[in-house]
Asks: 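Sending over a structure as structure tokens; questions will come in a sec.
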Amino acid sequence: MSIHSPKLDTSTIRIISSEEDHVARNYHALPVVISHGEGVWVTDVEGKRYLDLLSAYSALNFGHGHPDLLAAARDQLSRLTLTSRAFHNDQLAPFAAALAELCQKDLVLPMNTGAEAVETGIKVARAWAYRVKGVPEGAAEIIVANGNFHGRTTTIVGFSDDEQARDGFGPFTPGFVSVPYGDAEAIANAITDNTAAVLIEPIQGEGGVIIPPEGYLARVRELCDTHNVLFIADEIQSGLGRTGATFACDRDGVIPDVYLLGKALGGGILPLSAVVANEDVLGVIRPGEHGSTFGGNPLAAAVGRQVVEMLATGEFQKRAAALGEHLEAGLTALIGHGVTAVRVAGLWAGVDIDPSIGTGREVAELLLARGVLVKDTHGQTVRIAPPLVIRATEVDWAIEQLRVVLES
Ligand SMILES: *Cc1c(COP(=O)(O)O)cnc(C)c1O
């Protein structure tokens, strides 16, 4: 492990600004240029090593370059990469069968990015409302939660309450009602005869790892059953082992009607997302009504099948649960020492930084200088989401770096 100077390396910043002249400025990245990754560690162009506590927003749950995932990708890469869905390929069916089994559902609709899975979920919910529930054409409503993050398409940012995500991008798609997160009675009050679905994150990731009160998801399930409304769980960030269970919904013993999956489903190698539901829901989509050129491609399907196989052992979920307790103990000890609150679910934490110490961004920059990669969210929060292959000693080392940063 190399030693990091606590000051930001200005030469790195200069390299980045001159070399990224042609990259559109839709991100404000931390000043580090990564060229290699292995497990939980990445290396920058100058050979400095950093512990990756972001995991590409949980797309790297299995770490950088997991040998089994690389093997699956390499093997498929040399045989067949893309057919389009105009034809069948021999990889999609086994992937779909494995993922359906992991979710205990009938059908899988493969897409690429998370936002596409969300868009697909919205289309499925609307078609289901008109064709099955009997909602008058054009009147379907979907209930979402304040503070949500479901992606960046115009429809999706239209039902966000983050001004930065929305401002300048209207007009927006109608048909969404937003209610306070974590408040099941607000959902009960918002349900009408035209409600097609409730679309929520079981834990809000971008929102700052916001964990709803116990019983919330179960009550949402109950309300959806009572009123014949679909429960769509966006598990794109919370799912696939992150919280110590296969799905964050499992923690409350809740099974949604529709799972939206993405991020880690592609093994950190390529974009792969999916909508997973039973025949009575996903079966409403007929040939020609929805699709994607790359969705269900054999390369992604082969990687996705390997991801599902790894999750089916339960090993990663167990690691996340056990190490999550370790992480929580370490972070909780920082409360009152530069930290005002922590929220932890498995290996996923939102750490609220005391404003008198600095912003989340400032803490992220100081951690970078000490060899730890994190990302701030919503001003004062630092999000921690290491690859699930992290070791307890590495968790301890990262917390020690945070402690030093907060002290300085
Ligand atoms: C990241 C994310 C998305 C969007 O996924 P993209 O692959 O970036 O389009 C949707 N929902 C949640 C909860 C996410 O965290």
Side-chain angles (χ1 to χ4, degrees), residues 24 26-27 29 54-61 109-125 142-162 164-166 169 173 176 178 181-182 197-212 217 220 231-243 245-249 251 256 258-276 292 294-295 297 300 303-304 307 343 345-350 374-378 381 383-385:
N26 59 326
Y27 276 90
L54 180 64
S55 309
Y57 306 95
S58 291
L60 282 159
N61 278 2
L109 197 161
M111 296 295 283
N112 310 284
T113 64
E116 288 174 315
V118 174
E119 290 277 355
T120 304
I122 292 166
K123 286 173 76 173
V124 168
I142 295 176
I143 298 171
V144 299
N146 299 349
N148 71 71
F149 180 86
H150 297 285
R152 299 291 197 169
T153 65
T154 45
T155 287
I156 293 170
V157 299
F159 59 82
S160 163
D161 55 10
D162 177 353
Q164 217 188 353
R166 294 165 56 88
F169 304 122
T173 312
F176 297 92
S178 193
Y181 185 66
V198 174
L199 164 61
I200 51 171
E201 299 154 85
I203 292 176
Q204 288 187 332
E206 291 298 312
V209 190
I210 307 297
I211 303 168
L217 297 176
V220 173
F231 181 177
I232 306 178
D234 181 345
E235 293 257 17
I236 290 167
Q237 194 167 155
S238 60
L240 308 183
R242 173 56 55 192
T243 66
T246 303
F247 302 109
C249 283
R251 293 159 46 97
V258 179
Y259 287 108
L260 306 180
L261 304 175
K263 291 201 165 106
L265 192 59
I269 296 177
L270 34 69
L272 172 59
S273 66
V275 175
V276 187
S292 160
F294 288 93
N297 72 77
V303 172
V307 165
R343 296 168 296 279
L347 272 174
W348 203 19
V374 296
K375 174 79 174 73
D376 56 297
T377 180
H378 291 267
T381 303
R383 178 178 21 186
I384 294 177

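Counting starts at 1 for both ligands and their atoms, following the listed order.
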Asks: So for Glu206, does at least one of its heavy atoms come nearer than 4.0 angstrom to any atom of ligand 1?
Replies: no
Asks: So which heavy atom in the protein is nearest atom 7 (O) of ligand 1, and how far is it from that ligand atom?
Replies: Gly114 N, 2.8 Å
Asks: Write out the residue and atom name of the closest protein heavy atom to atom 11 (N) of ligand 1, then the distance separating them to 0.1 Å.
Replies: Asp234 OD2, 2.7 Å
Asks: Is at least one protein non-hydrogen atom found at under 4.0 angstrom from atom 5 (O) of ligand 1?
Replies: yes
Asks: Which value, rounded to the nearest 0.5 Å, describes the distance between Tyr57 atom OH and Thr377 atom OG1?
Replies: 8.5 Å
Asks: Treating Ser160 as the side-chain partner and Ala165 as the backbone partner, does any N or O pair qualify as donor plus acceptor under 3.5 Å?
Replies: no
Asks: One thing to verify: whether Glu235 and Arg242 come together as a salt bridge, which I'm taking to mean a side-chain N less than 4.0 angstrom from a carboxylate O.
Replies: no
Asks: Is any N or O atom of Lys263, backbone or side chain, closer than 3.5 Å to an N or O atom of ligand 1?
Replies: yes
Asks: Strictly distance-based, threshold 3.5 Å: is any side-chain N or O of Thr246 a donor or acceptor partner for the main-chain N or O of Leu240?
Replies: no
Asks: Are side-chain N/O atoms of Ser273 and Asn112 paired as donor and acceptor at under 3.5 Å?
Replies: no
Asks: What I want to know is whether Ala115 and ligand 1 share at least one N or O pair that is separated by under 3.5 angstrom.
Replies: yes
Asks: Geometry only, no angles: is Val118 polar-contacting ligand 1 at N/O separations under 3.5 Å?
Replies: no
Asks: Within the distance-only criterion (no hydrogens, no angle test), does the side chain of Arg251 pair as donor or acceptor with the backbone N or O of Thr243 below 3.5 angstrom?
Replies: yes
Asks: How many angstroms lie between NE2 in His150 and CD in Glu206, if you round to the nearest 0.5 Å?
Replies: 11.5 Å
Asks: Regarding ligand 1, does Glu201 bring an N or O atom to under 3.5 Å of one of the ligand's N or O atoms?
Replies: no
Asks: Give the atoms of ligand 1, by number and element, whose distance to some non-hydrogen atom of Ile236 is under 4.0 Å.
Replies: 2 (C), 3 (C), 10 (C), 11 (N), 12 (C), 14 (C)
Asks: Using a heavy-atom cut-off of under 4.0 Å, does the side chain or the backbone of Phe149 touch ligand 1, or both, or neither?
Replies: both
